[in-house]
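Working notes for the structure below.
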Amino acid sequence: MLSKKQARTFFLGGTLVTFLAFIALTIYSFSGSQDQTNHENITEAVIRGKHLWETNNCMGCHTLLGEGGYYAPELTKVIDRQGEGYIKAVLMSPVPWAPNGRKMVAYGFSKEEAQDMVDFFKWIGEIDLNGFGEVVGVDRTRSSLSE
Amino acid sequence: MKYKSQKVAYWFFALSMALFALQLVYGFIMGFAHAGFDGLHSIIPFNTAKAVHLNLLVVWLLSGFMGAAYYIIPEESQTELTSVKLAYVQLISLALVGVAAIIGFHFNIWEGRKFLEIPRGLDYLVVANVLLFLGIILTTLYKGKRRTTTSLVLVMGLFFAALLYLPGMLPFDSQVTDSFFRWWVVHLWVEGVWELIMGGILSFLLIKLTGVDREVIEKWLYIIVGLTFLSGVLGTGHHYYYIGVNKIWLVVGGIFSALEPLAFLAMALFAVNMYRKGEKKHPNKIALYWTLGAAIVSFVGAGLLGFAHALPQTNLYTHGTLVTAMHAHLAFWGAYAMIVMAIISYALPNMTGRKFNDTNIGRMAFWFSNIGMIGMTVAFGVAGVAQVYLERVMKMPFMEVQKEVEVHFIVLILCATLFVSGIVMYMIEFFRHGRPTDEALVKN
Ligand code: HEM
Ligand code: HEM
Ligand SMILES: [Fe+2]
């Protein structure tokens, strides 16, 4: 069996190797050629939208990119699913939005704020998510057959 | 108890229990909201309840870990803490920062990133608080007579946990980059450095409770934490499959996630084997229940249920559903809540001199809370699988699916009630022990 010293070497060695590999993969992932997010499309409006998303903790109810709360609709493909007008109505509503009975916080956003939020969702909706976008998005093959 | 300064630990444990109780209240608020009763919406909307539930969880666990360190480090290094006064300052500032954050969440003051909701200003105070804590612990370790592997692993875990808080404070314009580094905190905590903390506490408890030779236990400790990092660091990839970074993570994350249960399996086997090898003479049976329980339940909750949705092919459908909530509950419970409850059960009789070591109520606390939590896990699991099928495969709209799974939240609330009755009993035992006292010092 391993001695204590060998066990320690296993711990320190394994940690060092995997940690270095992790850093290398991280750098590779963020190199320009690997970008799947259309980084150049992040406008001032998109950044303001992200700021609204964070300062209101929308993630506490909704998921985005599959992360967040499991209480309210996944929003990654919300532009595709509901369209801009609907989303603005949700965000500008002065009373809690709840057509299906479950309440959202009534944010009463201004037109400009709602537009920033929409721009943010548009940018999100165009990210290449390695297949997840199709899973949470509109299923065009199915709806065109059934309607 | 061998050193007077170990008594500080009591107050960290007490803070921990108080915040735990409050965490559960917010859990019920969310459970009821999911079941269709959101009467509190105008005062405590769901996102507030969720932020409070998660942050209280993190703070009560950290307070428990800190208490564990204040108890374990003097005993392992055979010396008093360098400053008891500063430890109390640290305790009070921890409580104040925690409470301020929680109050802020009720007034829309937060950063809005799951688990890292604490606003930036308070982040700095958290950092200062943790630095003070580390200062006390490291100087104690340094001046101590003995540096054991157990204490080194524990302190290493605490140190890296503090360091890893920092990537969560980096600002990014891209939601994707933001999410990427959020996992450096959340994942590398629970599937990395916190496991060192757990391993350190577990090793201390096994040495004390089983009487097995320290050399044997500590050798295993190195192997376990070695497996943890070997699998867990690159295992971060299981969070990078579908957030907008390249496909290489599907391969890396998949392979290393498959290895992750090994560390938890090793932990469970290790604890059970040491128990069987040991003398079984220690009177504190309740502490033994929680210690072995933590090792076993963490394997089920983290190892098995984590792996159940960690391969890219599965995660494509389960990502961001109630399946995640199922795993999150049993994993946090088994690994971290139970290890904190184990060290408290071990330390309390030693600090107070009252030996409620093997009471009925103590045993019932263990079984009620565990059976309740397993029931909750099943309820989340059934709701989660139904959600995945209806929403992700059948493409039913989200809100319609939620109506279908509402009934499972009634089951969740019933199981949570059983769970909470166990926790209440645990807390009754906590209070029955009374305050720590110097009369409980033992000469050796
Ligand atoms: C009274 C008992 C409890 C109830 C009723 C409860 C209920 C809930 C609910 C409804 C959610 C929200 C899921 C969503 O976003 O829709 C949640 C999240 C969570 N709870 Fe609990 N909970 C309880 C106890 C606990 C305990 C004891 C722990 C830890 C040991 C815990 C850890 C968590 C975690 C980590 C999450 C976040 C899950 C995620 O977002 O993936 N909860 N809980
Ligand atoms: C004690 C250890 C663990 C704890 C406390 C834990 C807790 C959690 C929590 C709270 C989340 C939700 C995080 C969020 O959305 O912000 C999560 C997600 C996840 N965990 Fe764990 N976990 C543990 C171990 C593991 C292990 C060992 C594996 C795999 C082998 C694993 C696989 C996953 C996966 C794949 C997700 C993402 C789910 C999704 O896509 O929605 N976890 N875990
Ligand atoms: Fe993870």
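Fair warning: this is a prediction, and the values are worked out from it, not measured in the lab. A, B, ... follow the sequence lines: proteins, then strands. Residue 1 opens every chain.
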Which class fits the ring pair A:F132 and B:Y242: parallel under 30°, tilted 30 to 60°, perpendicular over 60°?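 Parallel: the ring planes of A:F132 and B:Y242 meet at under 30°.
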
Does atom OH (A:Y86) have a neighbourhood of more than 12 heavy atoms from anything else shown, all under 6.0 Å?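 Correct, the count exceeds 12.
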
A:H51 atom NE2, over 12 foreign heavy atoms within 6.0 Å: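 No, NE2 of A:H51 has 12 or fewer neighbouring heavy atoms, counting only those of other groups under 6.0 Å.
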
Considering only heavy atoms, which portion of [X] lies under 4.5 Å from any heavy atom of chain B: side chain, backbone, both, or neither?
| X | value |
| --- | --- |
| A:K50 | side chain |
| A:L16 | neither |
| A:T15 | both |
| A:I127 | side chain |
| A:H39 | side chain |
| A:I124 | side chain |

What part of [X] lies closer than 4.5 angstrom to a heavy atom of chain A: side chain, backbone, both or neither?
| X | answer |
| --- | --- |
| B:E111 | backbone |
| B:F181 | side chain |
| B:Y241 | backbone |
| B:A49 | neither |
| B:I109 | neither |
| B:T177 | both |
| B:F398 | side chain |
| B:V252 | side chain |
| B:K114 | both |

Nearest 0.5 Å, please: how far is [atom2] in [Y] from [atom1] in [X]?
| X | Y | atom1 | atom2 | answer |
| --- | --- | --- | --- | --- |
| B:L316 | A:L129 | CG | CG | 10.5 Å |
| A:D128 | B:K247 | CG | NZ | 5.5 Å |
| B:N246 | A:S33 | CG | OG | 8.5 Å |

After noting the C-alpha distance and the side-chain angles of B:L322 and A:Y71, does the key distance pass the side-chain contact (heavy atoms from CB on, under 4.5 Å) rule? CA-CA 9 Å; B:L322 290 163; A:Y71 185 68; over 6 Å; no

Applying side-chain contact (heavy atoms from CB on, under 4.5 Å) to A:V136 and B:H319, what does each step give before you reach the verdict? CA-CA 10 Å; A:V136 290; B:H319 182 42; over 6 Å; no

Beyond-backbone contact of [X] with [Y], side-chain heavy atoms, under 4.5 angstrom:
| X | Y | value |
| --- | --- | --- |
| B:N108 | A:N56 | yes |
| B:L188 | A:F22 | yes |
| A:Q36 | B:V176 | no |
| B:L234 | A:L25 | yes |
| B:T149 | A:K4 | yes |
| A:V135 | B:Y317 | yes |
| A:R102 | B:H34 | yes |
| B:K50 | A:N57 | no |

Between chain A and each of [options], count heavy-atom pairs under 4.5 Å; write down the option with the most.
| options | result |
| --- | --- |
| B:Y240, B:F115, B:F229 | B:F229 |
| B:D178, B:V401, B:V216, B:T48 | B:D178 |
| B:I248, B:N315, B:L250 | B:I248 |
| B:P45, B:G237, B:S174, B:G232 | B:S174 |
| B:R182, B:M30, B:Q387 | B:R182 |
| B:L54, B:T236, B:V233 | B:V233 |

Which one of [options] has the most heavy-atom pairs closer than 4.5 Å to chain B?
| options | answer |
| --- | --- |
| A:F120, A:F19, A:Y28, A:Y70 | A:Y70 |
| A:T26, A:V17, A:L12, A:I42 | A:T26 |
| A:T63, A:V46, A:I47 | A:I47 |
| A:R8, A:M59, A:E134 | A:R8 |
| A:A21, A:G69, A:A72 | A:A72 |
| A:C58, A:S3, A:G14, A:P73 | A:P73 |

Mark yes or no for whether A:N130, through its side chain, and B:V245, through its backbone, hold a donor-acceptor pair below 3.5 Å.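 Yes; judged by distance alone, with no hydrogens or angles, the pair exists.
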
Using modelled atom types and a 3.5 Å cut-off, is there a donor and acceptor pairing between side-chain atoms of B:K395 and backbone atoms of A:G137?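 Indeed, once roles are kept as given, a pair shorter than 3.5 Å links the two residues.
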
B:E117 and A:E54: CA distance, side-chain angles, deciding distance, side-chain contact (heavy atoms from CB on, under 4.5 Å) verdict: CA-CA 9 Å; B:E117 288 91 347; A:E54 286 171 353; over 6 Å; no

Step-by-step salt bridge (charged side-chain N to carboxylate O under 4.0 Å, His left out) determination, B:R113 to A:E67: CA-CA 9 Å; B:R113 297 147 76 219; A:E67 293 175 14; over 6 Å; no

Can the positive tip of A:K5 be found less than 6.0 Å from the middle of the six-membered ring of B:Y222, inside 45° of the ring normal?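 No, A:K5 and B:Y222 do not form such a contact.
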
Audit row: B:I224, A:F11, side-chain contact (heavy atoms from CB on, under 4.5 Å) steps and yes/no: CA-CA 8 Å; B:I224 288 166; A:F11 165 57; over 6 Å; no

